[in-house]
Protein chains: 2
Amino acid sequence: MPFSATEENYIKAIYALTHSLGVEHANTNQLSSRLNNKAASVSDMLQRLFEKKLIDYKKYHGVKLTKKGFSVAIQIVRKHRLWEVFLVEKLNFKWDEVHEIAEQLEHIQSEELVKRLDKFLHFPKHDPHGDPIPDIKGIVHELKQVELNTCKVKNKMIFSGVKLHTKEFLQHISNLGLKLREKIEIIHITDFDGLIEVKINSNKKTIHIGSKTASHILVELL
Amino acid sequence: MPFSATEENYIKAIYALTHSLGVEHANTNQLSSRLNNKAASVSDMLQRLFEKKLIDYKKYHGVKLTKKGFSVAIQIVRKHRLWEVFLVEKLNFKWDEVHEIAEQLEHIQSEELVKRLDKFLHFPKHDPHGDPIPDIKGIVHELKQVELNTCKVKNKMIFSGVKLHTKEFLQHISNLGLKLREKIEIIHITDFDGLIEVKINSNKKTIHIGSKTASHILVELL
DNA sequence: ACAAATATTTAGGATAACCTAAATTTTGAT
DNA sequence: ATCAAAATTTAGGTTATCCTAAATATTTGT
């Protein structure tokens, strides 16, 4: 059962949509806009994925991954994230530069390659954006994380992930001086506009984070 | 100018055929058998590669890469061989296990990735089979190597490459105890059948190499 | 509950890359 | 030089993946 890169991208999109929104079903228009294809093309492909038993599909009523489809999705996510770790840790790419390359690498077919890459990288638990890497069994160790904007003054926490993966946002975060897995503490929150002042423990500096930015920042409370 | 993996494979095949045979032109049947496609399909594709100015093509008279096609070919070869080094040196694959994976990886599009991979691997000059890796400018540093079966008794040399890349042959070489870049010396050659007795300097052992095998072994004379 | 708006599917086509069978060109043996 | 064999190309067809336009189903506001 080798699937085409196109099929894999549909599977991944269905996974991402349902998983990130926490819903059962993804619908045609969502897939259409995420994949930059016309809805008609999506409809087409959904029928084929259904025949291959990768999705549950009832016309006009959205799709859901089958067990089989889910496991394909997880393996692609695993590969994508492992390659991102490789690109950042070994090849010194910045975290905002790796997405498109990993989009290609995730389709390389070789179980052995993934196993060895995982080992080479010392079995990382999360990718450069803090997203969890499914283990070889497909088990995802989700962190207990919350959005920074829901935290209170004096809370101490670790910056553990982002909810937005655009170049612009990622560069903004880098420019603020925030680095993944760093310990931070909320010094002050402006009532009026929700501006958050944060101390970065490693360098004793304080920075100011707008509430929109904060809503895309995930932290683990200590 | 991004080319499809299929187009790249045609370019690579044309390069390999002309280069390895030392001839100007490759013909349709050769390509057909190397690519496992029917001659009619090859003919089809050649017209398209011609329109894209990747090859010089006159119907019924074979093909030759243009400057542009040649440079595409070299970049693919470069990527293929760099990835092979990565797979062997970093992920501990054996030299007979890396070909199919590298066939996929060579189509990943990102100049920056190749540059960084090259650096990460310390700018290797040849791949795990001894084939030269074109540098970033596309310059190939060919070694002055000869087939082992053309050498004389008492010659000292370095095992520097193979002319056959099948799993079986590569494993045979490994089983003999030969490793790339090792110093060896010819102890004796049997007149009757060309059997060559070779001393491997590193371990003081002597081994016996059949003449067919020897004809696929490349060495640099010292 | 029903029409308008929205979402989705179907119908009919395009393109890349393959195929088989038939036609054409080149080659090579006499 | 000629003609059969071999090589190559053309013609016509298939599949995967996409498209536009038209048809149909669902949802939503009143």
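Here is the naming used below: chain letters follow the sequence lines, and residue numbers restart at 1 for every chain.
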[X] [atom1] - [N] [atom2] separation (whole Å):
| X | N | atom1 | atom2 | value |
| --- | --- | --- | --- | --- |
| A/Met45 | D/dT15 | CE | P | 16 Å |
| B/Asn9 | C/dA16 | CG | P | 17 Å |
| A/Lys38 | D/dC19 | NZ | P | 7 Å |
| A/Asn27 | D/dT27 | CG | C1' | 13 Å |

Which of the following nucleotides, [options], is nearest to the side chain of [X]?
| X | options | result |
| --- | --- | --- |
| A/Gln47 | C/dT10, D/dT9, C/dT8 | C/dT10 |
| B/Ser43 | D/dT9, C/dT9, D/dT8 | D/dT9 |
| A/Ala39 | C/dC19, D/dC18, C/dT9 | C/dT9 |

[X] vs [Y] side-chain heavy atoms within contact, under 4.5 Å:
| X | Y | result |
| --- | --- | --- |
| A/Lys125 | A/Ile133 | no |
| B/His129 | B/Glu84 | yes |
| B/Val146 | B/Met157 | no |
| A/Arg48 | A/Leu54 | no |

Does [X] make a side-chain N or O approach to OP1 or OP2 of [N] shorter than 4.0 Å?
| X | N | value |
| --- | --- | --- |
| A/Tyr10 | D/dA16 | no |
| B/Asn29 | D/dT8 | yes |
| B/Arg48 | C/dA17 | yes |
| A/Asn37 | D/dT17 | no |
| B/Ser4 | C/dA17 | yes |
| B/Thr6 | C/dA16 | no |
| A/Tyr57 | C/dT8 | no |

Comparing A/Glu7 and B/Leu46 on DNA chain D - which has the more 5′ nearest nucleotide:
B/Leu46
Parallel, tilted or perpendicular: which fits the ring planes of A/Phe50 and A/Tyr57, with parallel below 30° and perpendicular above 60°?
perpendicular
Could you label the plane-to-plane angle of the B/Trp83 and A/Trp83 rings as parallel, tilted or perpendicular, counting under 30° as parallel and over 60° as perpendicular?
perpendicular
Name the nucleic acid region contacted by A/Ser41, choosing base, sugar-phosphate or nothing; use a 4.0 angstrom heavy-atom cut-off, strictly under.
base
Answer yes or no: is there an ion pair linking [X] with [Y], defined by an N-O contact shorter than 4.0 Å?
| X | Y | result |
| --- | --- | --- |
| A/Glu7 | A/Lys52 | yes |
| B/Glu220 | B/Arg181 | yes |
| B/Glu111 | B/Lys79 | no |

Letter per nucleotide, 5' to 3', of nucleotides 21-28 of chain C [B base touched, S only sugar-phosphate touched, - untouched; heavy atoms, 4.0 Å]
B--BSS--
Both atom distances under 3.5 Å, Watson-Crick or G-U wobble: I'd like the secondary structure of DNA chain D as a dot-bracket string, with | for pairs made across strands.
||||||||||||||||||||||||||||||
Does A/Asp44 make a side-chain donor-acceptor contact with the base of D/dC18, cut-off 3.5 Å?
yes
B/Phe120 six-ring centre to B/Lys90 NZ/CZ under 6.0 Å and within 45° of normal:
yes
